[in-house]
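Remarks on the structure that follows.
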Amino acid sequence: MPELPEVETVARLVAPDVLQKRVTGVRALWRKTGGGRSDAELEAALVGRRFVRVERRAKYILMGLAPGRSKLPDTWLVVHLRMTGRLVVAPAREEPAAHTRFSVELGPRRLDFIDPRKFGRCLVTSDPTHVLPELGPEPLEDGFEAEAFVRDLRARKRQLKPLLLDQAFVAGLGNIYVDEALHRAGLHPLTPAHRVTRPKARALHAAIRTVLAEAIEREGSSFDTFYRTPTGQPGSYQHQFQVYGRQGQPCRTCGGEIQKRVVGQRGTHFCARCQRRR
DNA sequence: AGCTACTCCTGGTAGC
DNA sequence: TGCTACCAGGAGTAGC
């Protein structure tokens, strides 16, 4: 499922195919994907504008469009891949692939949003802050400062797993990278945040950054048929997983058996020996 | 503040 | 083989 590294990879790879291209048509093949907007509304907002920015914030891809020859975006296409969303650029004359939910025509080519489970969104707005929820710091940016993280973490009483999944606390982590970061830091997913020692909290801060940066280097994780980069390539970080999906197998650090249990409705993987409770 | 449960969705798979 | 039941899960929301 796309988390920060996968979204970053998609944004990077799709950018050269859309930047400077002008929109010639828009269609929401599944209306909800486009936020309930009609094709006429979408066309009125986008047609004639040109993609001038492609950025990532948390798990969102922000694509800025400017009118005429302007370089200043006044309209944004905000994409969230959720579980199964993909962005693909294809020749406009080709039929859209199965499960295509939203299409932006760019002259001879077309940006397609493909999403079997229909959880993803392609929202059009004049200001991304109108559609983005409250989001915590970007874990790979300088603003994600260790001391502040330690302080904020220890001020909360939630269990680590749901706290780290909370996008308002830290942006961009999902089920996979939370499990991987907790293992790397040697922290049990059920530990209450305020019980984490300062050194362990610092270790967690470092682990989050390391895991995410390494996953971006490998273009994310593809362990099922879903996530692919816009070029159709799978990522390769799944080969680096220490705990995710490895229940029943030996821990690569200590040889203990990797456990799986449900925490807050999420499959949670950990080594009970490396990640002692409390 | 923080917990649980529910919703949205469908492809894949386990079980019969 | 063909059927049904269930599961995966990001994030929003409701209720306690």
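Note: CD1 (A:Ile114) to P (B:dG11) measures 14 Å, nearest angstrom. Rounded to whole Å, the distance from OH on A:Tyr244 to P on C:dG10 is 7 Å. Going from atom CZ of A:Phe169 over to atom P of C:dG10 covers 18 Å, rounded to whole Å. Put simply, NE2 on A:His194 is 12 Å from C1' on B:dG2, counting in whole angstrom units. For the pair A:Asp152 CG and B:dA1 P, the computed distance is 13 Å after rounding to whole Å. Distance, A:Asp115 CG to B:dT10 P: 10 Å, rounded to whole Å. As a whole-Å value, the separation of A:Asp166 CG from C:dG10 C1' is 12 Å. One atom, CD of A:Glu3, and another, P of C:dA11, lie 9 Å apart when rounded to the nearest Å.
Taking 4.0 Å as the cut-off between side-chain N and carboxylate O, A:Arg109 and A:Asp17 count as a salt-bridged pair. A salt bridge does not link A:Asp179 with A:Arg266: none of the charged nitrogens is closer than 4.0 Å to a carboxylate oxygen. Look at A:Glu180 and A:Arg184 and you find no salt bridge, because none of the NZ, NE, NH1 or NH2 atoms lies under 4.0 Å from a carboxylate O.
Of the candidates C:dA8, B:dC8, C:dG10, the closest approach to any side-chain atom of A:Lys260 belongs to C:dA8. Residue A:Arg266 has its side chain nearest to C:dA11 when only B:dG2, C:dA11, B:dC9 are considered. Nearest nucleotide to the A:Arg117 side chain, out of B:dG2, B:dC9, C:dG12: B:dC9.
Looking at A:Arg277, A:Lys200, A:Arg276, A:Gln275 one by one, the single match for side chain to side chain contact (heavy atoms under 4.5 Å, CB included) with A:Leu187 turns out to be A:Lys200.
Between A:Lys59 and C:dG10, a side-chain N or O to OP1/OP2 separation shorter than 4.0 Å is absent. Between A:Lys157 and B:dC3 there is no side-chain N or O to OP1 or OP2 distance below 4.0 Å. OP1 and OP2 of B:dC9 both lie 4.0 Å or more from every side-chain N or O belonging to A:His99. A close approach under 4.0 Å does occur between a side-chain nitrogen or oxygen of A:Gln167 and OP1 or OP2 of C:dA11. Within the 4.0 Å cut-off from OP1 or OP2 of B:dC3, at least one side-chain nitrogen or oxygen of A:Arg158 is found.
Ring stacking holds between A:Phe119 and C:dG10, with the centres under 5.5 Å apart and the planes within 30 degrees of each other.
Although no hydrogens or angles enter the test, the distance criterion places no donor-acceptor pair under 3.5 Å between the side chain of A:Arg56 and the main chain of A:Ala11.
Heavy-atom nearest nucleotides on DNA chain B were determined for A:Gln159 and for A:Arg101, and the one closer to the 5' end corresponds to A:Gln159.
Using a 4.0 Å heavy-atom cutoff across all strands shown, A:Arg82 reaches at least one base atom of the nucleic acid. A:Gln265 comes within contact range of at least one nucleobase, with a heavy-atom separation under 4.0 Å.
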